[in-house]
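In what follows, a single structure is set out as structure tokens and then discussed.
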Amino acid sequence: LSHSTAAAIKTYVHFGKLDKFALQTATFVEKIDRLFDILNSRTLNTKHKWKKPLSLSCKDQFQFLEECETWIKGWKFRHVASKKEKTTLPFHQGLLQSMRAIRLSSLQLLDECHFRFVLTSRFNQDIVENWFSCVRQKGLNNDSRTSWEYESAGKALTINWMLTTASKQAN
């Protein structure tokens with residue numbers, strides 16, 4: 001799902017190697033690629049418009065996220081064998097929730113908390129899983145901790161991280 005894949009499909013259609021209906025696939029791939037770029041910004045300094053961190057000046061990115069929400073809500077899923085149609089699948093709802101959460105959280109951080117920018121990759125599951133694994137390690141892998149124990153472990157981790165220098169090999 002990349003720009004180069006979409007460009008290749010368009011090229012094949014142009015030279016008659018693929019049917020013109022493949023252009024719909026190219027459009028789908030382009031939109032998903034752009035969406036993933038916006039939802040996975042990692043660095044402050046990039047020339048790629050869609051990979052930039054979100055800021056209040058990123059009107060096109062926020063507009064694209066809203067357009068994608070409408071587009072994705074309209075997806076229908078047809079079973080290949082039975083031809084039965086569904087309007088939603090679990091990944092579908094997860095994608096919509098992720099997009100909405102990142103868009104609204106970023107707007108709140110930028111507008112109300114006065115952040116200069118938001119690196120959207122920090123909302124990804126790997127970062128969250130890393131945090132929870134560190135919290136679990138604080139309690140010898142206690143998965144049934146109380147909210148007070150969780151809060152205490154979170155505070156201890158935060159203080160420890162502030163007091164130590166980051167390792168070059170760590171996430």
Side-chain angles (χ1 to χ4, degrees), residues 1-10 24-77 86-138 143 147 150-151 153-171:
L1 297 173
S2 66
H3 174 73
S4 56
T5 300
I9 292 170
K10 288 178 179 181
Q24 294 172 358
T25 301
T27 301
F28 175 85
V29 169
E30 280 181 322
K31 282 184 176 183
I32 293 296
D33 176 54
R34 186 177 292 175
L35 175 62
F36 285 178
D37 285 347
I38 293 171
L39 297 179
N40 201 28
S41 64
R42 294 182 183 278
T43 60
L44 182 58
N45 298 319
T46 181
K47 293 181 181 177
H48 191 295
K49 175 181 180 175
W50 304 106
K51 291 184 178 184
K52 289 183 178 184
L54 292 178
S55 68
L56 289 176
S57 63
C58 293
K59 305 288 186 219
D60 290 344
Q61 285 85 336
F62 282 112
Q63 181 179 347
F64 185 77
L65 286 173
E66 287 184 45
E67 289 169 5
C68 277
E69 192 173 330
T70 303
W71 173 58
I72 292 170
K73 280 180 183 175
W75 287 359
K76 291 188 170 112
F77 306 94
K86 288 187 173 187
T87 57
T88 189
L89 291 174
F91 87 91
H92 182 238
Q93 291 304 310
L95 179 59
L96 285 168
Q97 287 174 347
S98 294
M99 288 171 38
R100 194 174 305 122
I102 288 175
R103 182 174 56 84
L104 294 175
S105 297
S106 295
L107 283 170
Q108 183 175 12
L109 290 170
L110 293 165
D111 193 39
E112 295 175 25
C113 301
H114 309 292
F115 278 45
R116 289 184 321 141
F117 59 89
V118 175
L119 295 170
T120 55
S121 69
R122 295 303 190 178
F123 289 104
N124 288 333
Q125 185 173 351
D126 291 344
I127 303 294
V128 176
E129 284 179 7
N130 188 26
W131 168 257
F132 281 111
S133 73
C134 291
V135 169
R136 276 194 304 277
Q137 289 172 0
K138 277 301 216 193
D143 286 333
S147 59
Y150 177 81
E151 183 179 350
K155 285 179 181 178
L157 270 173
T158 304
I159 290 169
N160 287 339
W161 285 350
M162 284 194 278
L163 296 175
T164 58
T165 57
S167 166
K168 296 277 186 202
Q169 287 110 11
N171 285 340

- prompt: Between Phe64 and Trp71, is a ring pair (Phe, Tyr, Trp, His ring centres under 6.0 Å) present by the stated rule, with each step listed?
  reply: CA-CA 10 Å; Phe64 185 77; Trp71 173 58; 8.0 Å; no
query: Stepwise, does the side-chain contact (heavy atoms from CB on, under 4.5 Å) test hold for Thr87 with Phe77?
result: CA-CA 6 Å; Thr87 57; Phe77 306 94; over 6 Å; no
- request: Applying side-chain contact (heavy atoms from CB on, under 4.5 Å), run through Gln108 and Arg103 and close with a yes or a no.
  value: CA-CA 9 Å; Gln108 183 175 12; Arg103 182 174 56 84; over 6 Å; no
- request: Show your working on side-chain contact (heavy atoms from CB on, under 4.5 Å) between Phe36 and Leu1 and close with a plain yes or no.
  value: CA-CA 9 Å; Phe36 285 178; Leu1 297 173; 4.2 Å; yes
task: Apply salt bridge (charged side-chain N to carboxylate O under 4.0 Å, His left out) to Lys73 and Glu69, showing your working.
output: CA-CA 6 Å; Lys73 280 180 183 175; Glu69 192 173 330; 3.6 Å; yes
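Scanning all heavy atoms of the two residues, the minimum distance from Ser41 to Lys52 falls at CB-O, 3.5 Å. Considering every non-hydrogen atom in both Ser55 and Phe62, the closest pair reads O-CE1, 3.4 Å. Across all their heavy atoms, Pro53 and Cys58 have their closest contact at O-SG, 3.5 Å.
Residues Trp75 and Leu95 meet the side-chain proximity criterion, which asks for heavy atoms closer than 4.5 Å. With a 4.5 Å cut-off on side-chain heavy atoms, Trp50 and Asp60 count as touching. A heavy-atom distance below 4.5 Å is not found between the side chains of Phe117 and Leu56. Counting only heavy atoms from C-beta outward, the side chains of Cys68 and Met99 approach each other to under 4.5 Å.
Counted by atom type alone, Thr43 and Thr46 present zero donor-acceptor pairs between their side chains at under 3.5 Å. Using modelled atom types and a 3.5 Å distance limit, the side chains of Gln97 and Gln93 yield no donor-acceptor pair.
Remark: Arg34 CZ to Lys51 NZ distance equals 13.0 Å, nearest 0.5 Å. In this structure, Ile72 CD1 and Leu65 CG are separated by 9.5 Å, a value rounded to the nearest 0.5 Å. Between Lys76 atom NZ and His92 atom NE2 the span is 10.5 Å, to the nearest 0.5 Å. Here the straight-line distance linking atom CZ of Phe115 with atom OG of Ser106 works out to 10.0 Å at 0.5 Å rounding. Rounding to the nearest 0.5 angstrom, the gap separating the CD1 atom in Ile9 from the OG1 atom in Thr27 is 9.5 Å. Residue Ile38 holds its CD1 atom at 5.5 Å from CD of Gln61, rounded to the nearest 0.5 Å.
A salt bridge does not link Lys31 with Glu67: none of the charged nitrogens is closer than 4.0 Å to a carboxylate oxygen. No salt bridge links Arg100 with Glu66; every basic N to acidic carboxylate O contact stays at or beyond 4.0 Å.
Checked by atom type and distance alone, the side chain of Thr120 pairs as donor or acceptor with a backbone atom of Leu39 at under 3.5 Å. Ser98 places a side-chain N or O within donor-acceptor distance of the main-chain N or O of Gly94, the cut-off being under 3.5 Å.
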